[in-house]
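Atoms within each ligand, like the ligands themselves, are counted from 1 in listed order. The first residue of the sequence shown is numbered 1, and numbering continues consecutively from there.
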Amino acid sequence: MSVLTAGLSRDEALKLLKTYNSDPFHLRHGLTVSAVMEWMAGDLGRADEAEFWALVGLLHDVDFEQWPEEHCVKAAELLGDAGCTPEFIHAVACHGWGMTGTDARPEAEMEKVLFACDELTGLIGAAALMRPSKSTRDMELKSLKKKFKDRKFAAGCSRDTIAQGAELLGWELDALLEKTLKAMQESEDAIEAAVAANT
Ligand SMILES: [Fe+2]
């Protein structure tokens, strides 16, 4: 059994996400990052922590729609009020390290994975929309690498943050791209089902 506890159930986390987010784009992002984090936990031999990783992914941007100026700081307050544990709050807050007002820095492997994958899932999602299939399933790594290098494409997805995330993890950038693409491909059905049920 995992030693990590979030302090709330998946249903409660979803309810909290929807309390503070109504934009389908934000809901899709939370559900996508949640699925990717859950996949990563399994892939990295942390299956016992998969629920925690998934819930951190789900709620990592809980404050962003309503309090973009206080991103990660407001989240800590909202999550504290909702009964989340200090380790859960730290995991959420530290994904804004160096970019928001939070002092929390990614330390645990899970925190580094979130930091590295957050923007990257946006890039992969935008690249999928450009394809005739509108899917990640037939996307090859070399095509993703091209999109990564083309900084005008999905310019809002910070390449610097993604590269910094790979460095924090001690992974080659290509390994991060490959793993996250695989996570999105293998989770695509689950993500679409969750999006359909919650938006
Ligand atoms: Fe995010």
Here the N/O/S atom of Asp118 closest to the Fe ion (ligand 1) would be OD1

What atom name does the N, O or S atom of Asp61 nearest to the Fe ion (ligand 1) carry?
OD2

Mind running side-chain contact (heavy atoms from CB on, under 4.5 Å) on Phe88 and Thr5 for me, showing each step along the way?
CA-CA 7 Å; Phe88 187 87; Thr5 4; over 6 Å; no

Can you see whether Trp171 has Lys179 sitting over its ring - NZ or CZ less than 6.0 Å from the centre and within 45° of the normal?
yes

Test of ring centre spacing under 6.0 Å for His29 and His60:
yes

Look at His95 and state whether any of its N, O or S atoms is less than 2.8 Å from the Fe ion (ligand 1).
no

Side chain to side chain donor-acceptor pair (under 3.5 Å) for Thr136 and Gln185? Distances and angles first, verdict last.
CA-CA 5 Å; Thr136 58; Gln185 288 170 330; 5.3 Å; no

